[in-house]
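Each remark here refers to the structure printed beneath this line.
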Amino acid sequence: MSIFSKVKDRLEDLRRPGYFKKYDHKFTMVIDLDRCNGCGACVSACYAENNLPVVGKEECGKSRALNWIRIERYVEGEYPDVKVKFIPVMCQHCSKAPCETACPVYATYHNQDGLNVQVYNRCVGTFTCATYCPYDARRFNWFTYKREKPLDQQYNPDVTVREMGIMEKGTFCIQRIRAAKDRAKDEKRALKDGDVTPACAQACPTGAMVFGDLNDPESRVSKLAKSPRRFRLLEELNTDPSVIYLKRVMKDGRGTSEE
Amino acid sequence: MAEGHQKSSMSYKDVNEDIYGIITRSGIGYYIICGLFGAGAAVLFILPWAYQIYVGQGVSGLNVPVFWGIYLVNFVFWVGVAHAGTLISAMLFITQTPWRRAISRGAETMTFFALMLVTLFIFIHMGRPWNFYWTFPYPTQRQLWTNFISPLTFDVFAIGTYTTSSIVFLYFGLVPDLAALSHTASGWRKKLYEFLSFGWRGTDAQWYTQNKACMFFSAFIMPLVVSVHSVVSWDFALSLVPGYSKTVFAPYFVTGALLSGFAGVLLMLSIMREAYPVMKKYVTDYHYDRIGLFVLVLSLMWSYLTLMEVVTGLYANTSQEIEHLKFKLATPPYMQLFILMIFCNTVLPLVYIVRKVRGSVFGRFVVPVLVLVGMWLERYLIIPNSLSRKFLPWMWQDYAPTWVEISISLGTLMMFISMFMMFVKVFPIIALFEVKEDIGVPMKNRKHH
Amino acid sequence: MKRRDFLKYIGIGGAGTGLGYLFGKVTQSPGNKLIPYLIPPEDIIPGVGAYYATFCTECSAGCGILVKVMDGRARKIEGNPRHPVNKGKLCMRGQAGVQGLYNPDRIKAPMKRSGERGTGQFVEISWDDAVSTLAKNLTELNKKPEQLYLLTSDMRRRGHQHTVASSFMSGFGSPNIIRHDLLGPGNLEFANHASMGLSAIPHYDIENTRYLLSFGADFSSAWLSPVSYGHAYGQMRQGGNGRGKLVQVEPRMSLTGANADEWVAARPGTEGVLSLSIAYAIIEKGLSRAGDAGSWRSALGAYRPSEAAKTVDVSEERIYSLAKEFAQARPSLAISGGNLEGYENGPSCHMAVSVLNHVAGNIGIKGGVIPSPEALASAPHPMTGPKNSLSRFAADAEAGRIKTLIVSGSNPVFTAPKAAKVEDALAKIPFIASFSSYIDETTAYADIILPPHHPLEDWGDEFSEPGAGFAPATVMQPVVSPLYDTKGLGDIFIMVGKAVGGKTAARMPSAEFKDYLRGSWKEMYAKNRAMAAGAPTFDEFWIRTLSEGGWWGAESVKPRCAAVSVHAVKEHLSKSVAAEFEGDEKAYPFYLMLYPQAAMRDGSGALSPWLQEMPDPMTSVVWGSWVEINGKTAASLGISEGDVVSIESPFGKITAQAYLAPGIRPDTIAVPIGQGHRQYGRYAKDRGANPIEILPFKENPKTGQIAVNSTRVKVTKIGNGRLVKQEGAARELGRDIVKTMTPAEFERIKG
């Protein structure tokens, strides 16, 4: 291989976000919007699992609620022909994530599991990732948030309590992924479908959320991802998100099929 | 060049004394004003900043979609103000434009202090400013490195280079002046000048080297005029945010920067001339004429690019861009701010078409102040405003700065003024040797005073 | 260095070291040992979670939960995947259960009142003091034991905790158990019993239905068993056997209405009329599957769509098309709840929906209404006797017939209208004891508080509504050791009963409640042969039950049959089934609809900061109250979003901020229940408005249910404001963010 082509390859590597050409896993969530009824169980489960702080009314009024997952509600039409659509939005773990190019200190990067991860310790708080995120999935620790005793006894020891001044976002419950990988390793087997369930998917009463590895062709998400109802949020931005939504079926639906 | 040579009747001694007079001769009033600005900076900037560091960024008005507020506006604004210094010292130096000589030192000084504020505002806007050094690629045991594809890393290098070269350039120009003044000066100033002039004796070899060095640095920082603000604009243009993601941003930002920079220089000169009537000998109507023309031309360019920015958005014709434009152009109070900006930056500079206005009080004070206000508004209407209307309407949120942000902005402005005033009391604000060049007689055989 | 100096320095150094050691000893904080166990308990491994099965007490659904306990603390509540009710899922309310356990405002020890009644000032006392004070007071009543009243919740708990409470009362000799629950499905139970002869809530088979016609039943947020029905809803939509259609009839679009394919905004109070006119239309078109369709046609003569259309404000064509779809889709199902439960004639409205199900032939079929199987043999009965009403309670208190009151699990000061005069009644009662974990509005009136364990620290059991093929018996067991000086709820009754002595003590179990519970289960085990399957001894069965969370009775339970006869419902449908509203239409132009949210329910969720910060699904408002007004109506009144408006009924006035809702009738306003607490801890106190206050006090004499949708109001703007909500803008602006497809296309891609 000539030096020229080596340099060329290297430069091309640099243009590709992330270190990994092939991920060990490509963790993906499929959310069936036809099942989702917008009840909010996932939001609450995320608070419980991920030590999210409660910021209070005043801060909520400034749009600083620290919810890693939110349910957006879009309304079409006027009374009496009102149509409402719900969509749970969390960090989409984009494979071509705008936030990853933005961080000057590599506090956010793509890991070998296909996850967009945030290194809390490395974050200096330039806000660039959050500004670049088209999904507004990132949340900032505006203050040092403390829980009133004894509510702090509920803190999940598997998840860091974040410091003031750093950015955070949905992790697909990376602590559960780690634990499942460790367990699989202890049992000398490969990670299998269903080993990992993030808190939101676990709580979801309607079963709208399914989580798994897209690299595994037999996994539930791989099968669901082939659905003709499949779409991804703001796909036109070419961020290649890892969250796949399945279209809501409704009377005045658009009826524009991708396939 | 008739006006340019009006000083030819002066002797070098007059020049030395005039300028040393600016340094030393001031009433107590000057120091009181300088002290007040300094105290204002301490109260309005240092204390709120300490409060912000202690309590958290939450004391600002930032919120979830609008993560960049007026700290970033100030950052971009001051980078802009810094630009005139570079242009005047570098570009006009290389093109040997004669009228730059009397104003170059002042402009370079402004650049220097503006860049100080630029650096400060980077730290102020950070969530954990005590870790600022992580943005530099320094060797660590943990093999942590910076992300070289991040536009913010570009920024670190662009601003770093710019600051370093500006300081060096400013200092190189100062060396012969300090040597000259060390003869006139007494007391601590004399010692300082002697130390800083590094034994400059004005030999041919030294002049030759100095000239070469200045030439080199001019050539070196000339690309920076274009690159620094282009890089700053990429902080925004490299994102996907509607209102940010535009290829027109680099020239737009550079033009805007030069416009605000020249307005800044104009205002600074006018104030200095009022404070030191002796400066009227050096900074004449001719200068106002030239700078006024610059402002006029830059304003026209800026207006064109502003139009293009809006048209680019319209041309994209996506809901995202249209909503962003609607928010910026048709929603109060931003509509009013936009109209004010157009008035300040497009309509008002048109008065410079009339030659008389360029030298009038209105042209010297009112127009540059309003141009600066307009340029600040331009950044405000781009930075926080675009973030208020991103892709998912569910997350739309307005932004308004809090007292902390406003106080820090005002405090840093005061710090800028007080530091500039102190600089004037220590270093010559008009480049002696360049003005002497203007007088034009080579003085090889005479010892100069 | 001289030798002397050397010794000197050594001496100084030595002394310094000693001082330093002492200083270190003194200043050392006690908590800096990482693991305080020399020999740790076997189930505590630092960093490894243990899961304990119990059930959720946040509402009456009785979902099975697993609590993740790490280092001796409850960290997270998850659904029990084996439990047939919730199948491993859990709603937001259930997740927040830990915040009840670790709430900073929990009562930490027994207390007695130190300030005025109602102010909520108490001082701690010992358990001995508390029990003896209450026992002494009760012994004084020995001559007239009926002067003891027990005020408790109507949450359909059938556990042994309630059995103990019942036997306490009967042992003492007082029949006066007042059951009060704002949201209890009393009307539905009554209506099902009267129309179909069912003693329990039947299983509504949403999962398998192809056409779900819901009359106000908001099963996605607070109706009966939201998690169970949420699961069923997901299966109905995309479970694999054809996509079921959902049509929601209600004046204010609820969360379920928002998910519906069609939303029918019938006039408030006329849902029953609509139901019957659909039934009539089905018969008229000859689509009825009921054998007695002919007799129904004449019975429903007053509900011809042509006449009903005007009453219900739904066009005649729409009634016919709903009827056609409902009758032709197989299986179809009509359910009723929400608004209907809150009308003063709630039972009639529910019965009207039963009639519709009967006419369409939906009772007793898969995907329809499946009557519940028999309860377990020897399972404790729900508290029996007449449904004692709050109005009787108020009258008795007024007449001085109540000398001592025990409050356990009910908070009528908050959940009853001002017009019920509960506070006046409480003021008349000489002695009030409260068994409550928090100082709520009613407990604030108590003279003495005996705080029970939080359900996550306590023993108990629950016999949830049986469903298709299961009749669950779930055990509640302590998952963490008690945080404070509290006692199990059952144990408190036992302790007090024993301290009272006499017959009461004799009726109390001899052992602790825990052993009593085990004994009762042993009895059940002996009587239910199905329980013995796979567990030859009771000990084995008990251990398995505790580890799995309960026993579900799979296979052993068979559904029953039921039908609605004209005769049974004739009496109830003879009057108009349209509900009445208080207030003159001119003076009070708007119907007031109150509704429970999933988070707050009857206001009991307000103490949890998580639930306070949880955006309401339909408005995204957090930490407060609001009133939903139709945008056009608001414009005509000059109200814009966030404005503070006063809502005035003939019975009172509250203020709330306006939310301009797209999905609400122009003649209706809606306010959520749950905020406006005057007590109940720091997170709930003085936040928002309590709309129950301005209701008339209309209690259904047969069911004891308070009518919450029973008044008209007027709305006036009194100020400007900004509503704290998460929604920035709720319109897509043509961005096609949430992509959709038509049912026709869905059918095409499926095939």
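Letters go in sequence order (proteins before strands), and every chain restarts at 1.
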Non-hydrogen atoms of chain C under 4.5 Å away: do they reach the side chain of [X], the backbone, both or neither?
{"X": "A:Cys204", "answer": "backbone"}
{"X": "A:Leu233", "answer": "side chain"}
{"X": "A:Tyr74", "answer": "both"}

Practice task
Give a yes or no answer on whether the side chain of C:Arg75 reaches the backbone of A:Ala48 with a donor-acceptor pair at less than 3.5 Å.
Solution key: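 No, the answer is negative, given that no donor and acceptor are paired below the 3.5 Å cut-off.
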Exercise for the section: Verify the distance criterion only: is there a donor paired with an acceptor across the side chains of C:Gln238 and A:Arg229 at less than 3.5 Å? Expected result: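 Yes, A:Arg229 and C:Gln238 have a side-chain donor paired with an acceptor closer than 3.5 Å.
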Exercise for the section: May I ask you to check whether A:Arg35 and C:Gln235 show a side-chain donor-acceptor distance below 3.5 Å? Expected result: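 Yes, C:Gln235 and A:Arg35 have a side-chain donor paired with an acceptor closer than 3.5 Å.
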Contact origin within [X] toward chain A - heavy atom pairs under 4.5 Å:
{"X": "C:Ala260", "result": "backbone"}
{"X": "C:Ala729", "result": "backbone"}
{"X": "C:Glu727", "result": "side chain"}
{"X": "C:Asp261", "result": "both"}
{"X": "C:Ser220", "result": "both"}
{"X": "C:Ser620", "result": "both"}
{"X": "C:Gln726", "result": "side chain"}
{"X": "C:Leu483", "result": "side chain"}

Looking at [X] and [Y], does any basic side-chain N land under 4.0 Å from a carboxylate oxygen?
{"X": "C:Glu732", "Y": "A:Lys83", "value": "no"}
{"X": "C:Arg243", "Y": "A:Asp34", "value": "yes"}
{"X": "C:Lys68", "Y": "A:Asp158", "value": "yes"}
{"X": "A:Arg176", "Y": "C:Glu78", "value": "yes"}

Exercise for the section: Considering only heavy atoms, give the residues of residues 37-44 of chain A separated from chain C by less than 4.5 Å, sorted numerically, with 'none' for an empty result. Expected result: A:Asn37, A:Gly38, A:Cys39, A:Gly40, A:Ala41, A:Val43, A:Ser44
Exercise for the section: Determine, stepwise, if the pair A:Glu148 / C:Tyr683 fulfils side chain to side chain donor-acceptor pair (under 3.5 Å). Expected result: CA-CA 11 Å; A:Glu148 277 180 86; C:Tyr683 300 110; 3.0 Å; yes
Problem - Note, A:Arg248 side chain near C:Met741 side chain (heavy atom, < 4.5 Å) - result: no
